[in-house]
Peer 1: 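Before we start, here is the structure in question, set down as structure tokens.
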Amino acid sequence: MERLQKVIAHSGVASRRKAEQLIIEGKVKVNGAVVKELGTKVSGSDKVEVSGVQIERENKVYYMLYKPRSVISAVTDDKGRQVVTDFFPEIEERIYPVGRLDYDTSGLLLLTNDGEFANLLMHPSNQIEKTYVARLKGVPSKFKIRELEKGIKLEDGMTAPAKVKVLSIDKKQGKSIAEITIHEGRNRQVRRMFEAIGFPVQKLKRERFAFLTLHGLNAGEGRELTPHEVKQLRALAETGSIR
Ligand code: URA
């Protein structure tokens, strides 16, 4: 909870002293009701208006999370399951995930309260590469992998060409590990792509999002992005390159 005049001043609408004056003059509303007391405290979710215009409350913040499996890529879950924002208990800003990873998929997920940034990164026209490591049931031949590299027909249309590498093969157990890089973000896309060539995914992890990796993080840990990383991501989404 913060004092109303401080919140107004932080939003850049007015100086602290001017904000106090606006409050006394009855120009400030909290959740639709005029508030004239200077000591009033507001929380991050209260709606504050100055002269009828809602102020921008929050600083824009940007995080990455190493999402564990069995966690929902959402801010709430009606079934009470763990959600990705549970891993940021001390963050006051109302962050939400940029896109989603399946409940069963682990790996790199971005979270922010910057809607414009989130939309930019999720826009289908951008070519941001995401790299996944998949454990497959079976061992695909080069010929089968080539199908993914060319683009494969799924029920919602052809996929763009993917980069695929088989990292290891366990013939005895009938399993293999493959790395796949795609720039689209359709629902359960990687699982459906491998399913389409006859090699179901048993385990899936997103290792890389653009130039960001999980380096230094354990499952369930997150970190703030640096201003430079945010700038580079924006440039990459807008222009396809980071310079
Ligand atoms: N592709 C999938 O199949 N699942 C994910 O969570 C992400 C990409």
Side-chain angles (χ1 to χ4, degrees), residues 62-69 71 73 84 97-112 117-118 120-140 142 144-152 154 158-170 175-197 199-223 225-226 228-243:
Y62 308 88
Y63 292 87
M64 71 156 85
L65 171 70
Y66 180 166
K67 175 193 164 310
R69 275 182 293 151
V71 175
S73 295
V84 287
V98 177
R100 55 190 294 279
L101 289 175
D102 300 333
Y103 182 69
D104 291 336
T105 302
S106 64
L108 202 163
L109 185 67
L110 300 182
L111 295 100
T112 184
F117 179 79
L120 187 64
L121 293 193
M122 282 189 291
H123 198 277
S125 70
N126 85 46
Q127 302 281 309
I128 291 185
E129 290 190 336
K130 296 122 198 163
T131 300
Y132 298 83
V133 173
R135 190 176 78 203
L136 308 176
K137 181 164 185 282
V139 180
K142 282 205 175 102
K144 283 285 169 195
I145 293 293
R146 186 82 196 108
E147 288 186 38
L148 300 181
E149 289 172 338
K150 282 192 289 197
I152 193 158
L154 300 179
M158 290 296 289
T159 63
K163 294 178 201 161
V164 190
K165 255 191 246 168
V166 176
L167 301 179
S168 68
I169 292 173
D170 183 342
K175 286 182 201 159
S176 55
I177 309 274
E179 181 188 90
I180 179 164
T181 301
I182 60 173
H183 58 74
E184 299 156 296
R186 299 193 220 163
N187 193 26
R188 297 181 76 81
Q189 181 166 344
V190 171
R191 291 176 195 273
R192 290 191 291 133
M193 287 172 77
F194 281 111
E195 184 81 47
I197 58 164
F199 296 89
V201 170
Q202 293 179 327
K203 211 169 166 191
L204 187 63
K205 177 178 172 190
R206 180 152 77 189
E207 292 265 354
R208 195 165 66 82
F209 185 100
F211 50 84
L212 297 171
T213 68
L214 291 168
H215 183 75
L217 297 178
N218 293 313
E221 291 178 347
R223 71 163 174 90
L225 300 186
T226 66
H228 185 62
E229 286 169 336
V230 174
K231 202 168 148 195
Q232 284 186 312
L233 283 173
R234 208 174 254 129
L236 199 55
E238 280 169 350
T239 68
S241 106
I242 51 180
R243 313 150 147 260

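Keep in mind the model is a prediction, meaning the values are calculated, not measured.
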Peer 1: For L233 versus A210, what's the shortest heavy-atom pair and its separation?
Peer 2: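 That would be CD2-CB, 3.8 Å.
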Peer 1: Going from NZ on K137 to OG on S176, what distance comes out if it is rounded to the nearest 0.5 angstrom?
Peer 2: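 Going from NZ on K137 over to OG on S176, the span is 11.5 Å.
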Peer 1: Atom CG of L148 and atom CE of M193: how far apart are they, to the nearest 0.5 Å?
Peer 2: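 Rounded to the nearest 0.5 Å, the CG-CE separation comes to 5.0 Å.
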Peer 1: Set out, in order, the CA-CA distance, both residues' side-chain angles and the distance that settles side chain to side chain contact (heavy atoms under 4.5 Å, CB included) for F199 and I145, then state yes or no.
Peer 2: CA-CA 10 Å; F199 296 89; I145 293 293; over 6 Å; no
Peer 1: Do the side chain of R206 and the main chain of L108 share a donor and acceptor less than 3.5 angstrom apart?
Peer 2: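 Yes, R206 side chain to L108 backbone: donor-acceptor pair under 3.5 Å.
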Peer 1: Looking only at non-hydrogen atoms, find the nearest pair between A196 and I152 and report the distance.
Peer 2: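 Where A196 meets I152 most closely, the heavy atoms are CB-CD1, 3.8 Å.
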Peer 1: For the CE atom of M64 and the OG1 atom of T213, what is their distance to the nearest 0.5 Å?
Peer 2: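 One finds 6.5 Å between CE of M64 and OG1 of T213.
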Peer 1: Take V201 and L136, measure what side chain to side chain contact (heavy atoms under 4.5 Å, CB included) needs, and give me the verdict at the end.
Peer 2: CA-CA 5 Å; V201 170; L136 308 176; 3.9 Å; yes
Peer 1: For R100 and S73, does a side-chain donor sit closer than 3.5 Å to a side-chain acceptor?
Peer 2: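 No, no side-chain donor-acceptor pair sits under 3.5 Å.
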Peer 1: Is D170 reaching over with its side chain to a backbone N or O of K175, donor-acceptor style, under 3.5 angstrom?
Peer 2: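 Answer holds: no.
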Peer 1: Quick one: do the T105 and R191 side chains pair a donor with an acceptor below 3.5 Å?
Peer 2: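 Indeed, the side chains of T105 and R191 share at least one donor-acceptor pair under 3.5 Å.
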Peer 1: So do F209 and L109 actually touch side chain to side chain, heavy atoms under 4.5 Å?
Peer 2: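 No. Closest side-chain heavy atoms not under 4.5 Å.
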Peer 1: Looking at K67 and L110, would you say the former's side chain and the latter's main chain have a donor-acceptor pair under 3.5 Å?
Peer 2: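 It does not hold such a pair.
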Peer 1: Do T159 and I182 touch side chain to side chain, with heavy atoms closer than 4.5 Å?
Peer 2: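 When only atoms from C-beta onward are counted, I182 and T159 do not touch, as no gap falls below 4.5 Å.
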Peer 1: Quick one: CG on L154 to CZ on R188, what's the gap to the nearest 0.5 Å?
Peer 2: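 If I round to the nearest 0.5 Å, the distance is 13.0 Å.
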Peer 1: Start with the C-alpha gap between H123 and S125, add the side-chain angles, then the distance that decides, and say whether side chain to side chain donor-acceptor pair (under 3.5 Å) holds.
Peer 2: CA-CA 5 Å; H123 198 277; S125 70; 2.8 Å; yes
Peer 1: Given 3.5 Å as the limit, does a donor-acceptor pair link the side chain of N126 with the main chain of L236, or not?
Peer 2: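 Not at all, since once roles are kept as given, no pair shorter than 3.5 Å links the two residues.
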Peer 1: Can you tell if the side chain of V230 reaches within under 4.5 Å of the side chain of T112, non-hydrogen atoms only?
Peer 2: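 A side-chain contact under 4.5 Å is absent here.
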Peer 1: Are any non-hydrogen side-chain atoms of I177 and V133 less than 4.5 angstrom apart?
Peer 2: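 With C-beta onward as the side chain, the pair touches.
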Peer 1: Return the CZ to CD distance between F211 and E129, rounded to the nearest 0.5 Å.
Peer 2: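 It comes to 12.5 Å.
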Peer 1: Which atoms form the tightest heavy-atom contact between A134 and L204, and what is the distance?
Peer 2: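 Closest approach of A134 to L204: CB-CD1, 3.7 Å.
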Peer 1: Any non-hydrogen side-chain atom of L65 less than 4.5 Å from a side-chain atom of V71?
Peer 2: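 Not touching, per the 4.5 Å side-chain cut-off.
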Peer 1: Answer yes or no: is there an ion pair linking K205 with E207, defined by an N-O contact shorter than 4.0 Å?
Peer 2: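 Salt bridge present between K205 and E207.
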Peer 1: How long is the span from the NZ atom in K130 to the CZ atom in R208, to the nearest 0.5 Å?
Peer 2: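 So the gap between those two atoms works out to 11.0 Å.
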Peer 1: Check this for me, if you would: do E195 and R192 make a salt bridge, where the nitrogen-to-carboxylate-oxygen distance has to be below 4.0 angstrom?
Peer 2: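 So E195 does not pair with R192 through a salt bridge.
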Peer 1: Does V98 reach the side chain of Y62, with side-chain heavy atoms less than 4.5 Å apart?
Peer 2: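 Counting from C-beta outward, V98 and Y62 never come under 4.5 Å.
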Peer 1: Hey, does the side chain of E184 reach the backbone of A160 with a donor-acceptor pair shorter than 3.5 angstrom?
Peer 2: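 Looks like yes, one N/O pair under 3.5 Å.
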Peer 1: Quick one, T181 and K165 - any side-chain contact, counting heavy atoms below 4.5 Å?
Peer 2: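 Result no, sub-4.5 Å side-chain heavy-atom pair not found.
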Peer 1: On a heavy-atom basis, which atom in L217 and which in Y66 lie closest, and how many Å separate them?
Peer 2: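 Residues L217 and Y66, closest heavy atoms: O-CD1, 3.4 Å.
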Peer 1: Can you check whether S106's main-chain N or O pairs, donor with acceptor, with K203's side chain at less than 3.5 Å?
Peer 2: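 No; zero donor-acceptor contacts below 3.5 Å.
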